[in-house]
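Residue numbering restarts at 1 for every chain, and letters A, B, ... go by the order of the sequence lines. All figures in this text were calculated on a predicted structure; none of them were measured in a lab.
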Amino acid sequence: MLKAMLEEAWHAMGANRMRTVLTMLGMVIGVGSVVLMMAIGQGAQYAVAQTISTMGSNLYILISGSTSTGGLRSGSGGGPTLTVADAEAIAELDGVSNVAPVQQGTQQLVYGPNNWSATVVGTTPPYLDARAWTVLSGYPFGDSDVRAATRVALIGQTAASNLFGADDPVGKTIRIRQSPFVIIGLLGKKGQSLDGRDQDDTVIIPLTTAQRKVFGNPFPGSVRMIMVQATSAQAMPAVEKDMTALLRQRHRLREGQDNDFFLRNLAAAADSAAETTRVMSVLLGAIASVSLLVGGIGIMNIMLVSVTERTREIGIRMAIGARQKDILAQFLLEALMISLAGCLIGLILGAAAALLTNAMTDMVIVISGAAVLVAFAVAASIGVFFGFYPARRAAALDPIEALRHQ
Amino acid sequence: MAEPVIRVVALGKSYATAAGAFPALRGVDLAIDRGEFVAIMGPSGSGKSTFMNLLGCLDTPSSGDYFLVARNVAQLGRDDLAKLRNRTIGFVFQGFNLLPRMTLEDNVALPLVYSGVDREPRRQKARQELDRVGLGSYAQSLPSRISGGQQQRVAIARALVNSPQLILADEPTGNLDSQTSEEIMALFSELNGEGITVVLVTHEPDIAAYARRQVRFRDGRIVSDTPTPPGAAAAC
C-alpha cells in the first residue's frame, strides 16, 4: 500500500516537472541557507573558542590601582600598590593554581642587522601555565633564573621569524635595551587574541631581569600586574572574594576605603565573546529559517493548486473506494516528498557553498551533523505542516461534486 | 427467495436551495434481485441521478432506508461507504473517468490498491480483467492512446476487478457512437449473463432495451416498473 502510494506520489511529481522543481527550489534555498548560515555561525563559535583556549582559562588580572595625591588621581597601574610579596601571598590561597607577577611593555629587539619591536613580558615560571604557553624547542626558565636575574628569553613565533627568518632561534643572543639575552626556548603558536593582537609577537623573560635591565623600576618589589589562575571555573567566585579580602588587609585599607587595585575577570570577557558569537549564529540561523518558512508556504501554495486541478481525479478515486485518509495520505506524501527532495538538494548545495566559502576566504566553517539533522527534521515537518491543509481539503471533498468537476 | 441485492424503502432526498428544501426524491420503493439487468430511465430532473448517487453510496438519503446486500447503509459514515464502493459496487461512468497519467493496467488495478491487495496479485487480477474485456494487449498503454469505446471497456474492467455484487452504469454510452454503444451494451449483457447484477441509468430507449426491466422516474417518484417487451432490443 505504502509502496503503491510512494510510486503514485513520484508519478504526480513527474507529471508537472517544471512546477515540482520550482516548488522544490524554495526548500532548496531555505535548507541551503540554513546549512550555510549555521556552518558560518558554528565556525565563528569554534574560532572564538579556539582563541579563548589560547588565552588561558579561569584567569584574573590584578592591576595596581590609582593613587590619589593632593586631588590628582592617576589611572590604573598608576601607583606601585601591588608587590611581588602580594603575589606570593595570593599563591597560598585555596583554589588558586598559578600566580605570576607581570611587568610588560613594547621594546626593540636587535639581532645582528635585524631589529623588531615586540611585547616583552617579564614574569615568573607559573605564567606559562596560566596563559597556556607551550615551549616548542629549548626549555623554559626556572625560579633560579628569576632569583639570579639571568638574561635568558623565550621567544614567540612571530618575533622569532622576524628576527631569525627560518633559522632556529634557540641558543642565539639578542639585545633588548643594550642587554644581551640568550634565547633558551621557542614558544608554541597561539594566533590572535580576542582583541586582535598577535599573541606570538612576544618575548618572555624573568621578572627580575625585566625590572633591572629593561623597564627599570623606581619602586623595588612592586609590579604593575599579577596574573592569577583559579583551579576551576567553580572556584572563581571564592578566589575573587578571598583575594580581594587578602589584598585589602595587606594594603591596610579601612572599611569604606576604595580598593587600590583593579581586578579583571578574563573569563567573563571570554564568556561575553563566546556569547556574542552564539547570539550571532542563532541570528543567522533565524534569518535563514525565514527562507525555509517561505519555501514551506510555496509548497502549500502548489499543493492547493494541485488539489483544485485534480479534483476530478480525487472524485474518481473516492468513487472506486478511496477513503478520506487515503486521499489525505496521498497528498501529504506528495508534499513530504517534495520537501524532502528539496531538503536533500539544499543540504548538498549548502554544504558545497560552505566548503567553497572555507576555500575562498579564511573564515572558519564547521558543518555539524546536528545542524544537518535539524535541517532535515525541520524540512520534513514543514512538508507535513504545510501539506496538511491542502491534503485535508482534498480529503474533505464531496465525491459527487468532485466527480462533476471539469 | 434470497434477499435482493438492492432494496430501498421510502427513500427520500432533499437539497437545500435558496428557495428552501427541494425534494429530489419523494419516497421511492424498489427491490432489485441478484442477476437482474435494470434500466433506470426518466427525463433530466426526474431524480434518477440522485437515485443513482444514493444507490452508489456516493451520497446518503435524507429519509428512508437502503439495504445493499441486506445491510442498511442509509446512516453509514464516509469510510464505510467508501469500503462499500470499493468492494460491493463497480462504477461505470459516462465520461469513462480513467486517470490519464496511469497505464490501463494501473487504472484497472486502482480499486485493489484501496482494498490493500499486494502488487503482484493486483497486476494479475488487472490483467485478467483487461483480457476479459479484450484489451489485454494494451495493458501498458495510457488511456489517451485508445478510443472512447476501448476506454469504456477499461472502465468496465476496473468496475469488475474487485468482483462486485453490483455494477452501476451511469449513461455508459452517452459519449459513444451507436456502433460502439452496441458493443458496450453487448458486453453488459454478457456480464449479466454471467450472473452479475447490472443497473443502468439512461435516457435512450434503445439502450434501455438491452435491460430486462425498465424503471421510469418522474418528479422524484417511480412512475412505471415494467419488464422490457420481448424483441425490443432487436428493434434498434
| request: Can you tell which part of A:Ala329 gets under 4.5 Å to a heavy atom of chain B, answering side chain, backbone, both or neither? | output: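 Contact with chain B involves no heavy atom of A:Ala329 at all.
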
Might you confirm whether atom [atom1] of [X] has over 12 heavy atoms from other residues, nucleotides or ligands at distances under 6.0 Å?
X        : atom1 : answer
B:Gln75  : CD    : no
B:Arg145 : CZ    : no
A:Arg392 : CZ    : no
B:Tyr138 : OH    : no
A:Tyr46  : OH    : no

| query | Which atom names give the shortest non-hydrogen contact between A:Gln330 and B:Tyr114, and what distance separates them? | reply | OE1-OH, 4.2 Å

| At their closest point, which heavy atom of A:Ala322 faces which heavy atom of B:Ala82, and how far apart are they? | O-CB, 3.7 Å

| request: Pull out the residues in residues 284-294 of chain A that come under 4.5 Å of chain B, heavy atom to heavy atom, sorted by number. | output: none

| request: Output the residues of residues 301-321 of chain A for which the shortest heavy-atom distance to chain B is under 4.5 Å, in residue-number order; output 'none' if no such residue exists. | output: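 Listed by number: A:Arg310, A:Arg312, A:Glu313, A:Ile316, A:Arg317, A:Met318, A:Ala319, A:Ile320, A:Gly321.
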
| To the nearest 0.5 Å, what is the distance between CD (A:Glu401) and CG (B:Leu58)? | 11.5 Å

| task | Quick one: pull up CG in A:Asp398 and CZ in B:Arg78 and give me the separation to the nearest 0.5 Å. | result |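 One finds 6.5 Å between CG of A:Asp398 and CZ of B:Arg78.
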
| said: Using heavy-atom distances under 4.5 Å, tell me whether B:Arg158 contacts chain A through its side chain, its backbone, both, or neither. | reply: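 Contact with chain A involves the side chain of B:Arg158 alone.
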
